[in-house]
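Written out below as structure tokens is the structure these notes cover.
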Amino acid sequence: MKCTTCDSKMAKGYLLGDRYAIKWQPENTKLLAGVFAKGGITLKNMSSFLRRPKTEAYVCNTCKVLTVDLKTQRQI
Ligand SMILES: [Zn+2]
């Protein structure tokens with residue numbers, strides 16, 4: 001994947017979660033009990049019983065930008 005800002009090749013890697021799936025929420029999301037949120041985008045959860053949740057992501061080391069292609073996520 002190429003960086004949309006500087007057109008450099010981005011480094012492929014993964015966002016790793018702990019026990020639960022990784023989610024993106026808009027900044028004005030209200031949390032229930034300071035923890036739970038409805039809606040947003042749940043990033044593809046590649047976890048199994050023994051593996052951690054993870055999703056593919058790319059980093060531009062020049063711009064210091066992290067990118068997740070939402071077309072690869074199951075909710076899109
Ligand atoms: Zn860049």
Side-chain angles (χ1 to χ4, degrees):
M1 178 179 286
K2 287 192 173 184
C3 176
T4 58
T5 301
C6 72
D7 208 36
S8 296
K9 184 176 180 184
M10 300 179 85
K12 182 180 178 181
Y14 297 96
L15 295 175
L16 296 174
D18 286 325
R19 186 171 176 181
Y20 301 104
I22 302 163
K23 296 180 180 178
W24 176 89
Q25 294 287 342
E27 66 179 344
N28 60 353
T29 299
K30 300 225 186 302
L31 300 178
L32 301 172
V35 177
F36 304 103
K38 288 184 176 181
I41 298 171
T42 301
L43 301 179
K44 183 165 69 177
N45 185 350
M46 298 165 67
S47 70
S48 66
F49 179 70
L50 296 174
R51 297 191 322 176
R52 296 170 68 178
K54 69 178 185 179
T55 195
E56 190 175 296
Y58 294 82
V59 166
C60 175
N61 288 311
T62 303
C63 300
K64 306 300 181 197
V65 170
L66 174 72
T67 299
V68 174
D69 183 352
L70 295 178
K71 292 188 298 297
T72 66
Q73 306 305 305
R74 67 180 174 205
Q75 283 76 23
I76 304 300

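The chain is numbered in sequence order, starting from 1. Counting starts at 1 for both ligands and their atoms, in listed order.
The heavy-atom pair separating Asp18 from Pro53 by the smallest distance is O-CD, 2.8 Å.
To the nearest 0.5 Å, atoms OG1 (Thr29) and NZ (Lys38) are separated by 12.5 Å. Taking CD1 of Ile41 as the start and NZ of Lys23 as the end, the distance is 12.0 Å to the nearest 0.5 Å. To the nearest 0.5 Å, atom OH of residue Tyr58 and atom NZ of residue Lys2 are 14.0 Å apart.
Counting only protein atoms, the N, O or S atoms lying less than 2.8 Å from the Zn ion (ligand 1) are Cys3 SG, Cys6 SG, Cys60 SG, Cys63 SG, ordered by chain and residue number.
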### Message
Before you tell me yes or no, could you show the steps for Lys12 and Met1 under side chain to side chain contact (heavy atoms under 4.5 Å, CB included), namely the whole-Å CA-CA distance, both residues' side-chain angles and the distance that decides it to 0.1 Å?
### Response
CA-CA 8 Å; Lys12 182 180 178 181; Met1 178 179 286; over 6 Å; no
Using residues 63-70 as the side-chain source, report each donor-acceptor pair under 3.5 Å to any protein atom, sequence neighbours left out, with the distance given to one decimal.
{"residue": "Lys64", "atom": "NZ", "partner": "Asn61", "partner atom": "O", "Å": "2.9"}
{"residue": "Asp69", "atom": "OD1", "partner": "Lys71", "partner atom": "N", "Å": "3.0"}
{"residue": "Asp69", "atom": "OD1", "partner": "Lys71", "partner atom": "NZ", "Å": "3.2"}

